Amino acid sequence: MRRILIVGATSAIAEATARLFAARGDALFLVGRDAVRLKTIADDLGVRGAVRTATATLDVTDFAAQAGVLDLAERELGGLDTVLIAHGTLTDQNLAQDSVDTLRREFDVNALSVMALLTPIANRFAAQGYGDIAVISSVAGDRGRMSNYAYGAAKAAVTAFLSGLRQRLQKSGVNVLTIKPGFVDTPMTKDFPKGALWAKPDAVAAGIVKAIDKRRSVVYLPWFWRPIMSVIRHTPEFLFKRAKL
């Protein structure tokens with residue numbers, strides 16, 4: 001049985017992942033902003049087989065409140081061995097490039113709040129000598145593109161942070177997994193035209209659970225985003241800057 005903390009638990013990907021954990025009889029502590037939605041999800045997970053569920057509300061940019069939520073999660077579940085950080089916003093690039101306040105707010109949500117959470121989590125897991133940390137980053141962090149470079153920069157920061165954290169913790173019995181989804185059909189992307197590269201949350205969730213169980217370091221979901229992003233990363237700058245991406 002895993003004792004799992006999920007931050008951003010009301011997101012479509014996180015909820016789908018929690019359902020898979022629940023079906024295995026794991027214990028789940030759900031964190032998000034919407035208390036009513038959290039309770040609805042927790043009740044559903046109980047029906048699906050979760051041995052225990054508990055919830056807490058948190059504004060992830062309230063850095064001072066984060067430690068209290070971590071303490072509560074440990075008390076409610078009798079300890080923690082797995083953390084999935086899944087919160088984030090899809091930045092409006094036009095607003096972010098016109099407003100420093102918007103850019104800063106988006107970076108706080110998508111990058112700094114994640115790093116702030118990971119710091120005490122990493123220290124706690126290192127002290128106990130075991131644990132799995134999984135964080136949803138994005139393929140957008142692999143290379144900045146004019147259509148979403150504010151969001152991509154935040155995700156790139158998270159990816160780099162996780163890389164260093166993984167190296168630091170690898171001798172402590174703690175695994176750090178970077179999850180890089182491509183296009184996912186969720187409420188956050190409901191206004192985007194969909195095509196063959198789009199995945200459903202359930203498919204991404206299955207990949208997340210498998211990667212956590214196998215203690216992978218980095219996973220692209222679906223798998224085909226790895227070669228796609230390899231091409232994008234290695235495209236020469238003189239060609240890339242002319243591309244309409």
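Remember, it's a predicted structure, so these values are computed and weren't measured experimentally.
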Is the shortest side-chain heavy-atom distance between Arg124 and Leu80 below 4.5 Å? no
Shortest non-hydrogen contact between Ala154 and Ala111, atoms and distance: O-CB, 3.7 Å
Can you confirm whether Lys171 is buried at NZ, in the sense that more than 12 heavy atoms of other residues, nucleotides or ligands lie under 6.0 Å from that atom? no
Going hydrophobic residue to hydrophobic residue with side-chain gaps under 4.5 angstrom, can you get from Ile212 over to Leu117? no
Is the side chain of Lys180 donor-acceptor paired with the backbone N or O of Arg226 at a distance under 3.5 Å, no angle test? no
Taking atom CZ of Arg168 as the centre, report whether more than 12 heavy atoms of other residues, nucleotides or ligands fall under 6.0 Å from it. yes
In the structure I gave you, are the side-chain heavy atoms of Val219 and Leu177 within less than 4.5 Å of one another anywhere? yes
What orientation do Phe183 and Trp225 show, parallel under 30°, tilted 30 to 60°, or perpendicular over 60°? perpendicular
Scan for side chain to side chain donor-acceptor pair (under 3.5 Å) pairs involving residues 20-33, sequence neighbours excluded, and state none if there are none. Arg24-Asp213
Please enumerate all residues that pass ring pair (Phe, Tyr, Trp, His ring centres under 6.0 Å) together with Phe224, with sequence neighbours excluded. none
With distance as the sole criterion, is a donor-acceptor pair present between the side chains of Arg143 and Thr235 under 3.5 Å? no
In terms of hydrophobic clustering (I, L, V, M, F, W, Y; side-chain heavy atoms under 4.5 Å; direct or indirect links), are Ile13 and Val209 co-clustered? yes
Closer than 3.5 angstrom, by distance alone: can the side chain of Ser137 be matched with the main-chain N or O of Lys155 as a donor-acceptor pair? yes
Among side-chain atoms of Arg37 and Thr10, is any donor-acceptor pair under 3.5 angstrom? no
Rounded to the nearest 0.5 Å, the CZ atom of Arg105 sits from the CG atom of Asn110 at a distance of 11.0 Å
So, are Glu76 and Arg3 salt-bridged, with charged N and O less than 4.0 Å apart? no
Ionic contact status for Asp43 with Lys39, cut-off 4.0 Å: yes
I'd like to know whether CD of Gln167 has more than 12 heavy-atom contacts from other residues, nucleotides or ligands below 6.0 angstrom. no
If only side-chain N and O atoms count, and only distance matters, is there a donor-acceptor pair under 3.5 Å linking Asn148 with Thr91? no
With heavy-atom distances below 4.5 Å as the criterion, would you say the side chains of Ile85 and Leu118 are in contact? yes
Please determine, by modelled atom types, if Thr89 and Glu106 share a side-chain donor-acceptor pair under 3.5 angstrom. yes
